[in-house]
Amino acid sequence: MGFRFRKSINFGPFRINFSKSGIGYSFGGKGFRVTKTAAGKTRTTASIPGTGISYTKETGKKRK
């Protein structure tokens with residue numbers, strides 16, 4: 001089992017994530033969020049708050 005590191009800083013609906021693999025950021029609020037990962041992928045998430053129902057679509061190339 002390995003250790004993980006992640007630190008997030010929030011600026012309203014904008015969030016910056018710092019991790020061992022790099023820096024990512026996301027924008028959005030309850031129900032909809034767009035994320036750019038440290039690996040260069042873009043993830044779009046839409047959900048119905050309070051229900052646990054969500055849809056996620058991830059695009060982009062996998063970084064080696």
Side-chain angles (χ1 to χ4, degrees):
M1 181 183 294
F3 287 99
R4 291 185 176 193
F5 167 76
R6 188 182 85 175
K7 174 67 179 167
S8 296
I9 300 174
N10 295 320
F11 299 102
F14 188 74
R15 179 187 300 160
I16 300 174
N17 297 309
F18 301 94
S19 69
K20 188 174 87 171
S21 59
I23 299 173
Y25 57 89
S26 62
F27 182 81
K30 289 184 179 181
F32 186 77
R33 181 167 290 277
V34 176
T35 304
K36 184 73 169 184
T37 67
K41 294 183 179 183
T42 301
R43 182 180 305 125
T44 304
T45 305
S47 66
I48 302 171
T51 64
I53 298 171
S54 65
Y55 174 79
T56 303
K57 181 178 180 182
E58 193 168 292
T59 59
K61 296 181 181 179
K62 188 174 182 180
R63 187 170 80 175
K64 291 184 179 182

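At least one side-chain heavy atom of F32 sits less than 4.5 Å from a side-chain heavy atom of T44.
Listed by chain and residue number, R33 satisfy the side chain to side chain donor-acceptor pair (under 3.5 Å) test with S26 (two or more places apart in sequence, or in another chain).
Through direct or indirect side-chain contacts shorter than 4.5 Å among Ile, Leu, Val, Met, Phe, Trp and Tyr, F18 is connected to I9, F11, F14, I16, I23, Y25, F27.
Rounded to the nearest 0.5 angstrom, T45 OG1 and K57 NZ are separated by 12.0 Å.
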